[in-house]
Amino acid sequence: TIQAEYMKYKDPNQPVNVRVKDLLKRMTLAEKIGQMTQIEREVSTPQVLKDYFIGSILSGGGSVPSPRASAKDWVDMIYKFQKVCLSTRLGIPMIYGIDAVHGNNNVYNATIFPHNIGLGATRDPDLVKKIGVATALEIRATGIPYAFAPCIAVCRDPRWGRCFESYSEDHRVVQAMTQIILGLQGDVPANYTKKFPYVAGKNNVAACAKHFVGDGGTHKGINENDTLVDFSGLLRIHMPAYYDSIKMGVSTVMLSFSSWKGVKMHAHRFLVTDFLKKKLGFKGFVISDWTGIDKLTTPTKANYTYSVEKSINAGLDMVMVPDDYLGFINNLTTLVNAKVIPKSRINDAVRRILRVKFAMGLFENPLPDYSLVDQLGKKEHRELSREAVRKSLVLLKNGKSSKKPLLPLPKKAGKILVAGSHADNLGYQCGGWTIEWHGSSGNITVGTTILEAVRATVDPSTKVVFSENPDAGFVKSNNFSYAIVVVGEPSYSETAGDSLNLTIPEPGPSTIQSVCGAVKCVVVIISGRPVVIEPYVPSMDALVAAWLPGSEGQGVADVLFGDFGFTGKLPRTWFKSVDQLPMNVGDENYDPLFPFGFGLTTKPRSTV
Ligand SMILES: O=[N+]([O-])c1ccc(O[C@@H]2O[C@@H](CO)[C@H](O)[C@H](S[C@@H]3O[C@H](CO)[C@@H](O)[C@H](O)[C@H]3O)[C@@H]2O)cc1
């Protein structure tokens with residue numbers, strides 16, 4: 001019989017670096033460039049995957065195999081892609097990536113956890129690590145081994161449309177929450193090679209610290225704009241969480257669309273190669289953001305050859321193209337053959353990519369298995385998210401005088417009113433990056449709205465009346481014991497979320513005025529950041545910041561009705577007026593409505 005030639009790279013008993021070295025020397029330039037190419041699932045035909053030795057595929061925001069696709073549908077899709085990639089000459093497995101930034105949020109029926117700003121309010125890194133563990137299981141349930149998370153941005157201006165993806169304005173809170181990496185990837189073992197990528201096994205995923213660096217510090221919070229802080233400020237505020245992420249073995253780092261002092265991060269050789277790779281010693285791979293290299297020119301993609309040259313020579317390893325794979329591959333091939341990009345640069349990029357794939361066991365287990373499909377939306381994960389919701393709520397006002405607190409609310413109360421645009425809207429309470437890229441409104445996935453939670457919590461004798469936007473006359477005439485008003489921002493993501501006024505869109509303010517002018521009320525704000533509320537606070541009896549709690553609205557009712565106490569603390573300064581921005585804890589002239597770290601507490605009813 002013909003013995004299959006022994007190839008070191010296929011031997012799991014060989015050290016990772018030996019396998020990388022052996023495979024690298026067998027690879028053609030085309031195979032190497034293929035590994036550096038990440039394309040969107042919609043352009044990933046078998047022919048393309050095979051002909052171009054594609055190394056990675058992704059789902060962009062909202063990109064799913066079919067509407068409400070099941071975990072099995074996802075696994076089927078990934079399985080087919082991988083079978084094709086394994087059929088290539090060297091059989092290098094592709095790595096499939098997705099934005100699982102608050103649960104496996106593109107996927108119908110996934111547990112949707114609170115967005116990062118709410119997790120920052122919990123001040124509970126252990127809880128966030130457990131969320132990482134649960135999220136990894138729900139990502140693997142769909143056959144995916146790689147998540148573009150966590151976002152470790154330090155949002156310094158709430159006018160930024162992505163501020164909800166940031167744990168806090170304080171880098172120390174963001175640093176603490178990098179524990180999620182250990183949840184996603186698994187705990188690094190004692191004898192682990194420092195700063196190397198580490199993924200424990202088939203219940204874990206490769207993570208991605210993003211977006212490097214200073215994405216949360218852009219001028220006036222304008223998305224993808226310029227971060228003007230000096231180098232010491234960049235190191236003090238925006239860099240620390242990358243040190244922590246690398247210490248935890250983060251497998252990949254994604255570059256930011258933004259610039260630092262006028263130089264785009266996707267072309268920043270000093271920060272990407274000299275600092276991240278050499279000074280910090282990062283050994284995983286650096287991935288671009290979506291068409292991030294195209295945006296190196298104005299207009300976008302005006303000179304793609306320039307984009308490829310500058311980004312790869314800056315130290316970029318994998319390009320999230322995601323559609324024009326021919327343009328990328330042809331330009332890179334030409335630039336290498338012309339020696340504009342040295343082969344050593346290509347070898348560094350491919351070495352890093354292979355290192356991650358070997359270290360995470362992708363060569364041993366390239367094909368997704370169906371054994372984890374039941375992890376998706378699992379009750380235990382929803383209960384964990386419900387706990388996170390409880391701990392994320394920040395109580396900003398409780399009673400028009402501290403002697404007469406309104407919360408916790410009595411469960412037995414005759415007739416109560418639940419009002420507001422966000423009271424019965426799962427899409428709004430999940431926010432952006434949920435099912436759709438920008439998120440959406442209404443019954444978008446499996447979960448519990450705040451109204452449903454209230455109904456499930458009050459005494460059976462209590463009559464619950466729901467009206468989205470009642471007039472004062474209706475409220476007065478009904479003689480309600482109290483009202484719960486849930487209003488806030490519509491769902492959004494990225495630039496679509498940039499705001500200069502940070503107002504709550506109508507009819508939110510009107511609903512507050514009509515209801516709170518007529519009956520005792522607690523207002524629950526659903527938002528990705530502090531919003532304008534100062535004018536309305538006097539009319540409220542109580543005020544709760546709930547951020548973007550996700551699918552488990554029961555967590556809100558648990559605390560409103562005193563089954564649990566309020567413990568959350570503001571992860572960001574709550575301004576009085578947008579004219580004060582940017583304004584962060586530690587600034588001179590710090591004059592907030594509610595300061596960073598503020599949060600009233602209540603005791604659980606059983607101890608009252
Ligand atoms: O058709 N158009 O007009 C259009 C416009 C803008 C688009 O922009 C694109 O749309 C989204 C959905 O396709 C993509 O996800 C990204 S966002 C980017 O993508 C990464 C991967 O999803 C994340 O990890 C990063 O954190 C995030 O910054 C991009 O901005 C797409 C299409």
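On a predicted model such as this, the values are computed, not experimentally measured, just so you know. Each ligand, and each atom within it, is numbered from 1 in the order the structure gives. Values below: every heavy atom of this structure, side chains too, minus hydrogens, waters and symmetry copies.
Close contacts of ligand 1 with Phe148, meaning ligand atoms under 4.0 Å from a residue heavy atom, involve 24 (O). Near Arg162, meaning under 4.0 Å from any of its heavy atoms, are these atoms of ligand 1: 25 (C), 26 (O), 27 (C), 28 (O). Of all atoms in ligand 1, listed by their number and element, those nearer than 4.0 Å to a heavy atom of His211 are 25 (C), 26 (O), 28 (O). Remark: ligand 1 atoms within the under-4.0 Å shell around heavy atoms of Lys210 are 23 (C), 24 (O), 25 (C), 26 (O). In the vicinity of Met254, heavy-atom distances shorter than 4.0 Å reach the ligand 1 atoms 24 (O). Near Phe257, meaning under 4.0 Å from any of its heavy atoms, are these atoms of ligand 1: 28 (O).
Residue contacts with ligand 1: Glu165 is excluded, as none of its non-hydrogen atoms falls under 4.0 Å.
Taking the centre of each ring, Trp260 and Phe231 come in below the 6.0 Å mark.
Within the 4.0 Å cut-off (strictly below), a protein heavy atom is located near atom 14 (C) of ligand 1. At a distance under 4.0 Å, no protein heavy atom can be found next to atom 3 (O) of ligand 1. Protein heavy atoms are absent from the space less than 4.0 angstrom from atom 32 (C) of ligand 1.
In this structure, the side chain of Asn425 engages the main chain of Gly442 through a donor-acceptor pair within 3.5 Å. Side chain of Lys195 to backbone of Leu280: a donor-acceptor contact under 3.5 angstrom is found. Checking side-chain atoms of Gln429 against main-chain N and O of Gly550 turns up a donor-acceptor pair under 3.5 Å.
Contact check on Glu169 versus Arg156 returns no salt bridge, with no Lys/Arg side-chain nitrogen under 4.0 Å from an Asp/Glu carboxylate oxygen. A salt bridge is absent between Lys80 and Asp76: the closest approach of a Lys/Arg side-chain nitrogen to an acidic carboxylate oxygen does not fall below 4.0 angstrom.
Closest approach of Gly161 to Tyr492, counting heavy atoms only: O-CE1, 3.3 Å.
Scanning the protein for heavy atoms near atom 17 (S) of ligand 1, the closest one is Glu494 OE2, 2.7 Å. Protein heavy atom at the shortest distance from atom 12 (C) of ligand 1 is Gly61 N, 3.3 Å. Considering only non-hydrogen protein atoms, atom 8 (O) of ligand 1 sits nearest to Trp437 CH2, 3.5 Å.
Between His102 and His115, the ring-plane angle classifies as parallel under the 30° and 60° cut-offs. Between Tyr242 and Phe212, the two ring planes are perpendicular [angle over 60°; tilted spans 30° to 60°].
For atom 22 (O) of ligand 1, the nearest non-hydrogen atom from the set Asp99, Ile98, Asp289 belongs to Asp99.
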